[in-house]
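For reference, the structure I am asking about is given below.
Lettering of chains follows the sequences in order, A, B, ..., and the numbering in each one begins at 1.
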2 protein chains.
Amino acid sequence: MAEDEAGLTVAQMTAATGVSGHTLRYYERAELIRPVARNSGNQRRYSSADVEWLKFLLRLRETGMPIAQMREYAQLRERGSVTTEPRLRLLEAHQAGLRRQIARLRAHEKALAGKIATYLDDLAALQSQQEKGSEDD
Amino acid sequence: MAEDEAGLTVAQMTAATGVSGHTLRYYERAELIRPVARNSGNQRRYSSADVEWLKFLLRLRETGMPIAQMREYAQLRERGSVTTEPRLRLLEAHQAGLRRQIARLRAHEKALAGKIATYLDDLAALQSQQEKGSEDD
DNA sequence: GTAGAAGTTAGAGTGCGCTCTAAGTCAAAC
DNA sequence: GTTTGACTTAGAGCGCACTCTAACTTCTAC
């Protein structure tokens with residue numbers, strides 16, 4: 001008995017998602033991922049549904065959602081379609097936060113662009129001074 | 001001797017920037033802020049230049065710059081106008097990263113909006129089923 | 001001049017999200 | 001059948017950015 005109960009190994013999951021084996025197991029302990037199917041040798045075999053779910057989690061993570069809230073969402077999901085509404089509300093709240101975050105970052109980017117512009121002016125001034133000083137070197 | 005060497009107290013600095021006294025002292029230890037002027041009783045008095053610098057640091061922080069890199073920038077700044085060029089390069093690199101971050105977040109926001117739309121469809125379907133089931137309650 | 005708020009220091013503690021260790025089991029190639 | 005390497009577990013450790021503690025001093029208001 002060996003390569004039974006088809007599905008992705010931990011290493012294949014890492015290749016597919018960029019998430020390390022350590023972190024995959026951590027997410028399972030943290031209840032972000034339901035207990036994964038095992039082969040006859042007790043090794044994890046991830047389904048394509050597991051891959052999709054993890055990719056969704058990564059989206060939430062990259063947009064700053066804390067583990068605790070991802071777990072909350074995961075637990076609602078486990079309870080099926082009766083929790084559709086609270087899950088929707090959770091996502092809508094997250095979306096609103098995300099939009100605020102994007103707006104803030106855009107404002108910061110604009111301010112940074114302004115600062116960079118004054119630096120470029122400063123540099124131009126410094127360089128024209130240097131040219132004056134070394135006109136006949 | 002008391003209210004000499006005018007400037008903002010720690011509490012006033014907190015009011016002006018939202019940064020706690022503990023964190024202000026931490027930033028000084030971390031060399032993000034140069035040793036602040038003291039009054040005759042050894043208490044900190046922040047100048048308006050200190051306020052501006054801190055606000056700039058907060059911008060960098062909010063855009064995800066780590067403390068170590070902020071310190072690097074601060075140390076270049078301490079060395080005066082000879083470091084204008086490296087500081088400019090640092091800011092330009094940060095701006096490029098920030099733009100990538102904004103683009104990523106916008107893509108995530110779009111995907112999230114799609115997910116929310118399918119949830120809304122699911123909910124509408126569930127609700128019309130419920131209506132059917134309870135037509136003559 | 002005295003109470004209470006606000007400041008000082010060095011250093012310990014916290015929360016988050018991993019990340020690694022140790023000791024062992026299992027699988028595939030030779 | 002043995003080596004090599006991926007896998008398993010429970011639990012310890014880490015890096016970051018604070019955040020707080022304890023013991024003490026100073027300032028402000030009365």
DNA chain C: 5'-proximal contact among B:Q12 and B:R29 (nearest heavy atom):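 Going by which nucleotide is closer to the 5' end, it is B:Q12.
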
Nucleotide D:dC16, atom C1' - distance to CG of B:L32 in whole Å: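 Going from CG in B:L32 over to C1' in D:dC16 covers 13 Å.
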
Value in whole Å for how far the P atom of C:dC26 lies from CZ of A:R38: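 That distance rounds to 13 Å.
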
Contact nearer the 5' end of DNA chain C, comparing A:T23 with B:R25: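 That would be B:R25.
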
Nearest-Å distance for atom pair CD/P, residues A:E28 and C:dC18: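 The distance from CD of A:E28 to P of C:dC18 comes to 15 Å, rounded to the nearest Å.
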
For B:Q101 against A:L105, the heavy-atom pair lying closest together: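 Scanning both residues, the minimum pair turns out to be NE2-CD1, 3.7 Å.
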
Interatomic distance where CE belongs to A:M65 and P belongs to C:dC18 [whole Å]: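 Those two atoms, CE and P, are 14 Å apart.
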
Phosphate OP1/OP2 of C:dA6 contacted by B:R45 side-chain N/O (<4.0 Å):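 False: B:R45 side-chain N/O out of range (4.0 Å or more) of C:dA6 OP1/OP2.
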
Phosphate OP1/OP2 of D:dC27 contacted by B:N39 side-chain N/O (<4.0 Å):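 Checking D:dC27 against B:N39, a side-chain N or O does come within under 4.0 Å of OP1 or OP2.
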
Under 4.0 angstrom between B:R44 side-chain N/O and C:dT9 OP1 or OP2: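 True: B:R44 side-chain N/O within range (under 4.0 Å) of C:dT9 OP1/OP2.
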
Nearest listed nucleotide, side chain of A:R61, among C:dC20, C:dG7, C:dC18: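 The listed nucleotide nearest to A:R61's side chain is C:dC18.
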
Short side-chain N/O contact to D:dC7 OP1/OP2 from A:T9, under 4.0 Å: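 Checking D:dC7 against A:T9, a side-chain N or O does come within under 4.0 Å of OP1 or OP2.
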
Rounded distance in Å - CD1 (B:I33) to C1' (D:dA17):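 B:I33 atom CD1 is separated from D:dA17 atom C1' by 14 Å.
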
Gap between atoms CZ and P, on B:R71 and D:dC18 respectively (whole Å):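 Roughly 12 Å, once rounded to whole Å.
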
Distance-only side-chain donor-acceptor flag, A:R87 / A:T83, under 3.5 Å: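 Yes - a donor-acceptor pair under 3.5 Å links their side chains.
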
Residue pair B:G7 / B:R45: nearest heavy atoms and the distance that separates them: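 Closest approach of B:G7 to B:R45, heavy atoms only: O-CD, 3.7 Å.
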
Of the listed nucleotides C:dA27, D:dT19, C:dG7, the one nearest the side chain of B:Q43: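 Between C:dA27, D:dT19, C:dG7, the one nearest the side chain of B:Q43 would be C:dG7.
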
Proximity to the side chain of B:H22 - top-ranked nucleotide from D:dC20, D:dA17, C:dC20: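 That would be D:dC20.
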
Between C:dC18 (C1') and A:I67 (CD1): distance, integer Å: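 Checked: the CD1 to C1' distance equals 8 Å.
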
Whichever of B:P66 and B:N42 has its nearest DNA chain D nucleotide further upstream toward 5':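 On the 5' side of the pair lies B:P66.
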
Selection from D:dA17, C:dG7, C:dT19 that lies nearest to any side-chain heavy atom of A:Y26: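 Among the listed nucleotides, the one closest to the side chain of A:Y26 is C:dT19.
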
Between B:T118 and B:D121: side-chain donor-acceptor atoms closer than 3.5 Å: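 No, B:D121 and B:T118 have no side-chain donor paired with an acceptor closer than 3.5 Å.
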
A:Y27 vs C:dG17: side-chain N/O to OP1/OP2 distance below 4.0 Å: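 So the side-chain polar atoms of A:Y27 never come under 4.0 Å of the phosphate oxygens OP1 or OP2 of C:dG17.
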
Pairing of A:R44 and A:E28 as salt bridge, 4.0 angstrom limit: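 Judged by the 4.0 Å cut-off on N to carboxylate O distance, A:R44 and A:E28 do form a salt bridge.
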
Protein-nucleotide distance (A:M13, atom CE; D:dT8, atom P), rounded to Å: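 Atom-to-atom, A:M13 to D:dT8, this comes out as 12 Å.
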
